Every structure is written in C-alpha cells, then in structure tokens.
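Following: one structure in structure tokens, then a few remarks.
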There are 2 protein chains.
Amino acid sequence: MGAPPRKSRATIIDIARLAGVSKSTVSLVLKNSTLVKAETRERVLGAMQALGYVYNRGAANLRLARSNIVGMVISDLMNPFFTELAVGIEEALYRAGYVPLLANTGEDPERQTRVLQSIFEQGVAGIVISPSNRSDVATLLDIARAGLPIVTVTRRLAESGLPYVGQDNTAGERIAVEHLIGLGHRRIGFLGGYATMATQRERVAGYKEALSAHGIVFEPILIAESPPTRSGGGAAVKTMIDLPDPPTAAVCFNDMVAVGAIRELSRQGIRAGRDFSIVGFDDIAEAAHNAPPLTTVTGETRQLGAEAAHVLLDLIAGAPAPSAPVIGPTRLIVRESSAAPASERTRLRA
Amino acid sequence: MGAPPRKSRATIIDIARLAGVSKSTVSLVLKNSTLVKAETRERVLGAMQALGYVYNRGAANLRLARSNIVGMVISDLMNPFFTELAVGIEEALYRAGYVPLLANTGEDPERQTRVLQSIFEQGVAGIVISPSNRSDVATLLDIARAGLPIVTVTRRLAESGLPYVGQDNTAGERIAVEHLIGLGHRRIGFLGGYATMATQRERVAGYKEALSAHGIVFEPILIAESPPTRSGGGAAVKTMIDLPDPPTAAVCFNDMVAVGAIRELSRQGIRAGRDFSIVGFDDIAEAAHNAPPLTTVTGETRQLGAEAAHVLLDLIAGAPAPSAPVIGPTRLIVRESSAAPASERTRLRA
DNA sequence: CTGAAAGCGCTTACAG
DNA sequence: CTGAAAGCGCTTACAG
C-alpha cells in the first residue's frame with residue numbers, strides 16, 4: 001500500500017533559492033498576497049515556471065489542519081439513478097474547490113464500513129453517503145462523533161440523527177398514483193423493492209395515501225416485493241398479472257423495475273400503455289428511450305446530489321446541522337407507458 | 001476552498017502522553033513493529049481506543065513522500081459503459097490499498113484540464129484516465145513529464161506515447177460483422193460515433209476487415225455517423241433505412257446507439273431481429289434487458305478497468321511502462337436482435 | 001526495547 | 001516589502 005518515493009517534485013524551497021528570496025515570500029506569491037512587490041512576484045513566478053512547480057496541497061492542508069477532499073460513498077454506482085446522483089455531487093464539489101474520494105459499496109455493508117475507515121484516515125473534510133442497505137450505523141456515528149461532518153442522501157437513517165437530504169418519495173408516489181386514478185384506474189399495484197428499504201416504505205406510504213384519498217381500499221396482495229432491478233420488475237409484474245383479479249396498472253419502486261415489468265408484459269403479449277399502465281420512479285436516462293417511453297416521477301436527481309454536496313459544504317464551513325431533513329421536490333413526467341384502462345377506452349368509444 | 005480548522009483529532013503525541021511512551025513508540029505500534037514489547041503495545045492500543053485515535057495518512061504520506069490516492073478521470077460517467085469501467089478501476093484500487101479521487105469530465109476537454117490540475121496538486125500517486133474527446137494531450141504530457149505515472153484506458157492517445165489499456169475494438173467489430181455475414185447478411189451498415197473518435201476508427205476497421213475477408217465491397221454510404229447516444233442511434237438508423245437500397249443489418253458503435261436504433265426501427269414498424277438485425281458493442285446492463293435482447297460484443301468492461309488499475313499500480317511500484325498497448329479480449333454475445341435476413345428465412349422456408 | 005531529533009512541504013505570525 | 005522560526009502529524013535512522 002502506498003507508492004515508493006518518486007523523483008521528487010520542486011518545492012517552495014527550490015523556487016525560493018532560484019528566485020533569490022525566502023520561502024515565505026514564495027508562499028506569499030502563491031496566495032496572491034499584495035504584500036509582495038510586483039518585480040519580486042514576477043521573479044518567483046518565473047522560477048516556478050522554470051522548475052515546473054506543482055503546489056502540494058496535501059502539505060498545505062496538513063499545516064492548515066484542513067482538507068479539500070470529501071468522501072463520496074455510493075451504495076450502487078451501477079444503478080443509473082446513483083450514477084446521476086454521484087455526478088451531481090461531484091460537479092458541485094469541484095465547483096466549490098473540493099475534490100471527491102469515491103467509494104462504491106455495491107450495497108455491501110461490510111465494504112461500506114471498510115471504505116469509510118479508509119476515507120476517514122485520508123483526512124477528508126467531510127463525507128456524503130448514500131447508505132447501503134443494512135448499513136452499520138455505529139460506524140457512521142463513530143465518525144460523526146469524532147467531529148467529521150456527514151450527510152446522508154437518498155436513504156434515510158432515521159435512527160442516526162444524521163443530516164439527510166432526499167427527495168419527497170411519499171409525495172412523488174402519491175402524484176404517480178393519482179395520475180393513474182385520474183386516468184380511470186382503480187385497481188393499481190405497487191411493484192418492486194422491499195419493506196426493509198426506507199425509500200420503499202416512503203413510496204408505499206404515498207401509494208396508500210393516494211388510494212385512500214380516492215376511497216380505494218388498500219389491498220396488501222397488490223404489493224409485490226422484488227429486488228429493485230429489471231429482472232425483479234419482471235418477476236413482480238408476473239405475480240401481479242397471474243392474480244385472479246389482476247390490477248390494470250402499477251406504480252413501480254423505480255424505473256429499472258418499471259422497465260423490467262414492461263419487458264415481461266410484452267413477453268406475455270401485454271402492451272404497456274395500452275393493456276396495462278406502468279409508472280416508474282427516478283427518470284433515469286433510459287426512461288425516455290424505453291419502448292414505450294416511460295411515465296415516471298423525477299426527484300431531479302442531479303440537483304439532489306448538488307444539494308447534498310452543498311449541505312455538506314455548509315457543515316464543513318461551520319454551519320449548524322439542518323434542523324430537519326432537506327427534502328427536494330418531485331415531479332410527474334407523463335409519457336406513453338400510462339393510459340386509460342382498456343375497459344375505459346372501450347366505454348369512451350362506445 | 002478548504003475547510004476551516006475543526007475540533008482537532010487526537011494525534012500520536014496525545015497517545016504517547018497518555019500511554020507514557022514516546023511518539024516513536026506509538027508510531028512503531030502503528031506499523032505493527034515487533035520491536036515493541038507486548039505490554040507496551042497494549043498500553044498504547046488502549047490509549048488509542050480511549051482517545052478515538054484515527055491515523056492521519058496524509059501526514060504519513062507527506063513524510064514518506066508517497067501517496068495512496070490515485071486520480072480516476074472518466075470521460076462520461078453517465079454512460080453505463082464508463083460507469084462499469086470506473087467500478088472496475090475503483091474495486092481494484094481499494095483491493096490494493098489505494099483510494100480513487102474521481103473526476104467526471106463529461107467529454108469536456110477544458111474541464112479535463114482543470115480537474116487534472118486539481119488532482120495533480122492533491123499529490124496523487126498516479127492517474128488513470130479515459131480521455132475526453134479532443135483531449136488536450138499537452139496537459140497530460142506535462143504531468144507525465146513531471147514524473148507522475150499515467151495510464152490511459154479505452155481511448156488511445158496514440159500521439160502521446162502514454163501507456164494504454166483497451167479492448168480489442170477491431171477484432172470485436174470483426175466478429176460482430178462476421179456473425180451477421182454468417183447469418184446471411186451481405187449489406188451491413190455501421191451506425192454511430194464519429195471518425196474523430198479513435199474507438200470508432202478501430203471499430204470501423206474491424207467492420208471493413210470482415211467485409212473484405214468475405215469479398216463484400218465496402219460502401220461509405222453504409223456508415224452513418226451520429227453522437228454515440230440512444231437518440232444518435234435512432235437518427236443513424238433512420239438515414240440507413242431511408243436509403244434507396246437499405247442494408248438488412250447493422251453493427252453499432254455501442255449499445256446505446258443500438259438500443260436507440262432498435263427503438264426507431266420499432267417506431268417505423270420494423271422489428272429488430274426479424275426484419276432488421278442489430279448488433280451492439282459493450283454489453284451494458286441494459287443490453288440483456290432490451291426488447292429484443294441485444295446481440296452485442298463485450299470487452300469485459302469491469303475487468304478492463306481492473307487491468308488498467310493494475311498497470312497503473314505496477315507503474316507506481318516502479319515497473320517500466322508496458323512496451324505495447326495492453327489489449328483485452330473481446331467476445332460476441334448472441335441474443336435476439338440478430339437473425340438471418342428476412343429474404344433468407346423466406347428462401348429457407350420455401 | 002524505547003527516546004530524542006530531524007525532516008516531509010507548506011503557512012503564519014513576528015521582526016525588521 | 002521580506003526573512004527566520006515554529007509547527008501541522010507523521011516516520012526513520014541513530015543512540016542508548
């Protein structure tokens with residue numbers, strides 16, 4: 001671990017020597033101080049140029065007891081939703097002069113604990129984390145107690161009391177279901193995810209809210225749990241359509257589940273958007289390009305990432321922790337995978 | 001930029017004081033030296049525990065003039081191919097005790113130059129980069145000349161002489177086209193990408209090789225350039241089928257182009273895999289779940305990333321640069337988007 | 001087996 | 001306007 005010494009780079013001392021000044025002066029020109037005479041600064045700049053000087057931020061940070069590195073721990077980078085979240089965080093960080101140390105935990109809580117340790121040792125200024133399923137909260141709290149700012153994003157660790165930024169899953173799922181109800185559906189399934197996932201519980205809550213607001217009784221049998229993946233979605237929709245009294249539509253835990261469900265429907269000769277309506281969640285890039293294009297709910301993923309970064313940056317700057325979860329807005333995007341139920345269309349035509 | 005000083009963590013000195021030893025001794029137990037007596041080590045360990053000590057790797061690295069941070073610069077993280085590549089690199093790095101500093105350049109050469117500078121200043125041990133289109137090679141060479149190991153991955157910067165690891169694009173595209181020829185196609189298009197992209201040129205070369213090996217004359221009109229995206233693929237296939245004498249099949253620059261092409265075909269009432277064959281490249285996660293499932297070429301993306309990481313790690317450890325590009329294998333995955341041409345099937349049936 | 005000292009590349013008062 | 005000195009948290013010879 002760690003590299004052996006390499007041909008060493010020029011230091012501030014080398015510059016000072018070449019420019020005929022002290023290293024304090026070099027340091028001053030480095031920070032653009034007005035204290036140093038124009039002519040001297042030119043000389044120093046010239047020396048840097050000549051020696052190919054590169055600032056050693058690590059050394060500076062050690063001296064200043066600070067850091068401009070931030071840990072970014074992502075639960076599943078292969079999931080396009082998290083990819084976009086990571087990109088949002090990364091952009092915001094660079095824009096603020098910070099740089100992200102990446103770890104992809106792949107939903108493995110042990111790996112998460114390990115990388116958290118590495119990142120902590122690295123002396124980062126803070127950590128943004130989308131916690132893996134079954135996260136070890138203790139590790140996170142140990143780090144937080146040591147004084148390191150941490151913000152959780154996307155997945156709420158309610159027990160932890162850690163600052164949280166996420167999208168409004170409940171409201172988002174509510175508008176999704178209301179869209180379907182507005183179209184004339186009354187028997188609506190919920191596909192994918194597990195009740196062990198906070199996000200799923202929040203989305204299911206929105207689903208139930210919409211049903212009850214419209215006087216539709218909730219039927220547990222219309223919730224089909226599955227892995228939050230394409231193949232999970234396929235399996236979930238299968239159990240739905242095999243029901244004695246199947247629904248005419250379903251909202252999905254996320255877009256991958258939705259896409260998988262649509263494939264499975266088509267395999268069964270059922271056309272999504274005509275014979276059966278599907279609504280996703282997340283608006284991943286694939287959603288707009290799906291066949292049929294997917295109706296879905298977006299939580300403005302990239303902006304959400306940026307928001308999480310900003311909350312962390314504020315914390316690092318010494319701001320008090322936000323007193324409540326920071327919840328981003330959610331918006332329905334109607335495309336072609338949802339439509340009035342077939343019976344309804346027939347009726348209208350008649 | 002940079003955080004203000006925070007409640008400072010315990011240092012080796014605090015530990016030494018509490019354990020009643022010198023800081024040298026603490027450092028020794030930190031590196032598990034056998035020099036220190038068991039009883040002393042216990043005392044030191046206890047003190048660390050009591051003070052919640054966290055090793056400051058940055059300080060250690062400064063002293064040792066080395067680093068265990070590696071820069072990972074990705075040209076387009078939102079593209080699932082690069083996501084998987086990044087995950088492969090990241091995994092290999094952690095496994096070796098290194099940690100990746102991430103930058104997503106989004107194909108913006110200016111952004112690439114900027115983040116390269118940040119990463120360089122951060123004192124990384126080396127850099128793995130999938131160069132953005134129109135990369136500024138000079139920046140890369142400046143950094144390399146300063147003695148920092150760099151490996152390019154996926155996109156060859158031939159002029160740079162930098163170590164390169166990539167997949168065998170030419171061989172991969174050759175087997176893709178030969179698969180189509182074997183199925184009975186003779187008029188085959190190439191969809192997506194631009195000749196300004198090294199990867200596209202390599203793939204087109206494989207396309208031409210296969211054609212000429214089978215006595216099919218290459219027709220420039222059968223190459224439709226487009227952005228390497230889903231919508232690019234849609235546009236490219238459109239120009240193809242609008243040709244007076246359209247092809248019966250096409251290989252695509254990558255899977256996103258292929259998926260976009262299939263959508264467009266379906267919009268035109270043409271069924272991919274029955275009326276028109278499509279072969280992709282990369283085997284992104286979406287490929288297997290596409291409708292129809294996509295025949296494609298894989299370059300074992302994740303392993304390729306790991307390979308790139310290992311080449312860099314070797315360089316960091318002082319190994320000489322590989323004398324030739326490191327080219328990973330490539331494999332055809334036949335799924336349902338390719339089949340014999342319709343005419344052929346008719347003929348067989350007759 | 002353990003301690004005192006020097007030094008990694010910086011920054012920041014403090015003098016002058 | 002510029003220089004000498006101390007110190008950030010470590011490690012590594014070198015003594016003892």
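Computed from a prediction, not measured in an experiment: that's the story for all the values here. Lettering follows sequence order; numbering is per chain, from 1.
- Pairs of residues two or more places apart, or lying in two chains, that qualify as salt bridge (charged side-chain N to carboxylate O under 4.0 Å, His left out) and include a residue from residues 70-87 of chain A are A:E84-A:R302.
- Near DNA chain C, meaning a heavy atom under 4.0 Å from it, residues 35-52 of chain A has no residue at all.
- Remark: A:E121 pairs with B:R57 by the side chain to side chain donor-acceptor pair (under 3.5 Å) rule, at least two apart or across chains.
- The side chain to side chain donor-acceptor pair (under 3.5 Å) test applied to A:Q303 returns no partner, not counting sequence neighbours.
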Heavy-atom protein contacts under 4.0 Å, nucleotides 10-16 of chain C, coded B base, S sugar-phosphate only, - none: BBB----

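- A:D14 places its CG atom 15 Å from the P atom of C:dG7, with the value rounded to the nearest Å.
- Scanning for side chain to side chain contact (heavy atoms under 4.5 Å, CB included) contacts around A:A60 gives A:Y55, with sequence neighbours left out.
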Nucleotide pairing, DNA chain C (Watson-Crick or G-U, distances under 3.5 Å), in dot-bracket with [ ] and |: |||.||||||||.|||

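- Counting only residues at least two apart or in different chains, salt bridge (charged side-chain N to carboxylate O under 4.0 Å, His left out) contacts with residues 123-139 of chain B are absent.
- Take A:A321 and apply the side chain to side chain contact (heavy atoms under 4.5 Å, CB included) test, not counting sequence neighbours, and it matches A:P163, A:L315.
- Contact annotation: B:T25 side-chain N/O to C:dG3 OP1/OP2 distance is under 4.0 Å.
- Whole-Å rounding puts the B:R17 CZ to C:dG3 P distance at 14 Å.
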Using a 3.5 Å cut-off and no angle test, enumerate the donor-acceptor pairs between side-chain atoms of residues 17-34 of chain B and protein atoms at least two apart in sequence or in another chain.
{"residue": "B:S22", "atom": "OG", "partner": "B:S24", "partner atom": "N", "Å": "3.3"}
{"residue": "B:S22", "atom": "OG", "partner": "B:T25", "partner atom": "N", "Å": "3.4"}
{"residue": "B:S22", "atom": "OG", "partner": "B:T25", "partner atom": "OG1", "Å": "3.4"}
{"residue": "B:N32", "atom": "OD1", "partner": "B:R41", "partner atom": "NH2", "Å": "2.8"}
{"residue": "B:S33", "atom": "OG", "partner": "B:L35", "partner atom": "N", "Å": "2.9"}

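- Legend: residues meeting side chain to side chain contact (heavy atoms under 4.5 Å, CB included) with A:S118, ordered by chain and number and at least two apart, are B:Y94, B:V99.
- Under the side chain to side chain contact (heavy atoms under 4.5 Å, CB included) criterion, B:R95 pairs with B:E91, sequence neighbours left out.
- Of the residues listed (B:I74, B:I119, B:L140), the one engaging B:I129 in a side chain to side chain contact (heavy atoms under 4.5 Å, CB included) is B:L140, and it is the only one.
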